> 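One structure coming up, written as C-alpha cells, with questions to follow.
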Amino acid sequence: LSLAEKAGADEAQLAALEGALYMLKNDHKEALASYRFAAEKAPESEANWMNLLTLIASLDRGRLLEEAQQALSHHPNSGDIIQVVVGAYREAGKVKEAFQVLQDAIERDPENPLFYFQLGLGYANSGKFDQAVVQFSKALKIVPRFPRALDARGKCLEQLGREEEAKADFERSYEIRKEDAERQGLSVQPRPQESE
C-alpha cells in the first residue's frame with residue numbers, strides 16, 4: 001500500500017487495495033468502507049462495483065438490490081452486474097423486473113449465453129418449463145459446451161415428461177465435465193447411477 005502511494009496510485013486504486021487488505025485481515029466493515037469509497041471515486045471501474053456488491057451480498061443483503069441498481073446504471077452492459085441485479089430482484093420477489101433486466105440485456109447483447117441461461121432459470125422457477133427449455137437451448141446454441149445449461153434444460157425436459165431428451169442432456173453434461181476434468185488432470189466423478 002505504501003509503495004502504491006509512493007508510485008502515485010489514485011485514490012480509488014488505493015481504496016480498492018486497502019479493501020483487499022482489510023478482507024485478508026477479516027475486517028469486513030473497513031473493507032466495505034474502502035470498496036464503497038473506491039466505487040464512488042471511480043464508478044467507471046466495474047471491478048470496484050463487483051468488490052462492493054460481493055461484500056454487500058454477504059454483509060448487508062437487504063441493501064443489495066439498491067446497490068446493484070446503482071452499479072447497473074454505471075455498467076448497463078456488464079454481464080456480472082446484470083446477474084447480480086437479476087438475482088437481487090428475484091430475491092426481493094420482483095420477478096417481472098428481473099425478466100425485464102434480462103430482456104433489455106439480450107437486446108443489447110444477443111450473443112451472451114448467460115443472459116439466456118438466467119432467463120431460462122427464471123422461467124423454470126415460475127414453472128414455465130417449455131419457455132425455459134427454449135431459453136436454455138438458445139444459450140446452448142451460442143455455447144454448446146455449457147454443462148449448467150444442459151443440466152437445467154434436462155431437469156425441465158424431465159418435468160415435461162421428455163425423459164429421453166433429458167437423459168441425453170445429462171449425458172452430454174457429464175461428458176463435458178469429464179473431458180474438462182481429464183484435461184486439467186483432476187479426478188473424474190462417477191456418473192450418479194454408477195455410484196449407486
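All of these numbers come straight from a predicted model, not from anything done at the bench.
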> According to side chain to side chain donor-acceptor pair (under 3.5 Å), does anything in residues 133-142 pair up with another residue at least two apart or in another chain? List the pairs.
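Output for this query lists S137-R153.
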> For the ring-ring contact (aromatic ring centres under 6.0 Å, His included) test, which of F136, F117, Y116 pairs with F146?
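When ring-ring contact (aromatic ring centres under 6.0 Å, His included) is applied between F146 and each of F136, F117, Y116, only F117 qualifies.
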> Just how far is it from atom OG of S58 to atom CG of L53, taken to the nearest 0.5 Å?
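These two atoms lie 11.0 Å from each other.
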> Is any side-chain N of the basic residue among D180 and R145 closer than 4.0 Å to the acidic one's carboxylate O?
yes
> Determine the interplanar angle of the Y123 and F99 rings, folded into 0 to 90°, and report it as parallel if under 30°, tilted if 30 to 60°, perpendicular if over 60°.
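Y123 and F99: tilted rings.
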> How close do H75 and S45 get, counting heavy atoms only, and between which atoms?
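Answer, listing the atom of H75 first, then S45: NE2-C, 3.7 Å.
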> Considering only heavy atoms from C-beta outward, does the side chain of F170 approach that of E158 to under 4.5 Å?
yes
> So if I apply the side chain to side chain contact (heavy atoms under 4.5 Å, CB included) rule between I56 and each of L52, T54, L59, which one comes out positive?
L52
> If only atom types and distance count, is the side chain of H74 paired as donor or acceptor with the main-chain N or O of A42 below 3.5 Å?
no
> Please name the pair of heavy atoms, one in P113 and one in I142, separated by the smallest distance, quoted to 0.1 Å.
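It is CD-CG2, 4.0 Å.
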> So R90 and E97, do their side chains get closer than 4.5 Å, heavy atoms only?
no
> Counting only N and O atoms by type, is there a donor-acceptor contact under 3.5 Å from the side chain of E165 to the main-chain atoms of R162?
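The answer is no, because no donor-acceptor pair under 3.5 Å joins these two groups.
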> Using a strict threshold of under 4.0 Å (side-chain N to carboxylate O), is an ion pair present between E66 and R63?
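Result for this pair is yes, salt bridge flagged.
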> If you look at every heavy atom in G154 and D169, which pair is closest and at what distance?
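What the structure gives for the nearest pair is N-OD2, 3.6 Å.
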> Which pairs, with at least one residue in residues 31-56 and sequence neighbours excluded, count as a salt bridge (charged side-chain N to carboxylate O under 4.0 Å, His left out)?
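Found E11-K41, R36-E67.
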> Mind running side-chain contact (heavy atoms from CB on, under 4.5 Å) on F37 and E18 for me, showing each step along the way?
CA-CA 10 Å; F37 182 84; E18 227 174 30; over 6 Å; no
> Any idea which heavy atoms bring A132 and G120 closest together, and the distance?
CB-O, 3.3 Å
> With rounding to the nearest 0.5 Å, note down the distance linking CD in Q69 to CG in L72.
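Q69 atom CD to L72 atom CG measures 8.0 Å (nearest 0.5 Å).
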> Main chain of A57, side chain of R61: is a donor-acceptor contact present, judged purely on distance under 3.5 Å?
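Confirmed, R61 side chain pairs with A57 backbone.
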> Distance only, no hydrogens: is a donor on one side chain within 3.5 Å (strictly under) of an acceptor on the other, for D104 and Q100?
yes
> Between V85 and A68, what is the shortest heavy-atom contact and its length?
CG2-O, 3.3 Å
> State the SG-NZ distance between C156 and K128, to the nearest 0.5 angstrom.
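One finds 13.0 Å between SG of C156 and NZ of K128.
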> Is the shortest heavy-atom distance from the side chain of Y22 to the side chain of K29 under 4.5 Å?
no
> Can Q159 and K155 be said to form a side-chain contact (heavy atoms from CB on, under 4.5 Å), step by step?
CA-CA 6 Å; Q159 291 292 321; K155 289 176 185 173; 5.9 Å; no
> Can you find a pair of side-chain heavy atoms, one from W49 and one from Q70, that are under 4.5 Å apart?
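They are in side-chain contact.
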> Looking at every heavy atom in both S126 and V95, which two are closest together, and how far apart are they?
OG-CG1, 4.4 Å
> Should E30 and K25 count as side-chain neighbours, where that means a heavy-atom distance under 4.5 Å?
no
> Once rounded to the nearest 0.5 Å, what's the spacing between atom CD of E171 and atom CD1 of I176?
11.0 Å
> Would L140 end up clustered with L102 when hydrophobic side chains under 4.5 Å apart are linked, directly or stepwise?
yes
> For R177 and L150: C-alpha separation, side-chain torsions, deciding distance, then whether side-chain contact (heavy atoms from CB on, under 4.5 Å) applies.
CA-CA 11 Å; R177 291 175 197 273; L150 285 163; over 6 Å; no
> Counting only pairs under 3.5 Å, give me each side-chain donor-acceptor contact of residues 105-112, with atom names and distances, residues two or more places apart or in other chains.
unit_1: R108; atom_1: NE; unit_2: N77; atom_2: OD1; d: 2.6
unit_1: R108; atom_1: NH2; unit_2: P76; atom_2: O; d: 2.4
unit_1: N112; atom_1: OD1; unit_2: L114; atom_2: N; d: 3.0

> When you measure from the side chain of N48 to the backbone of A38, do you find a donor-acceptor pair of N or O atoms at a distance under 3.5 Å?
yes
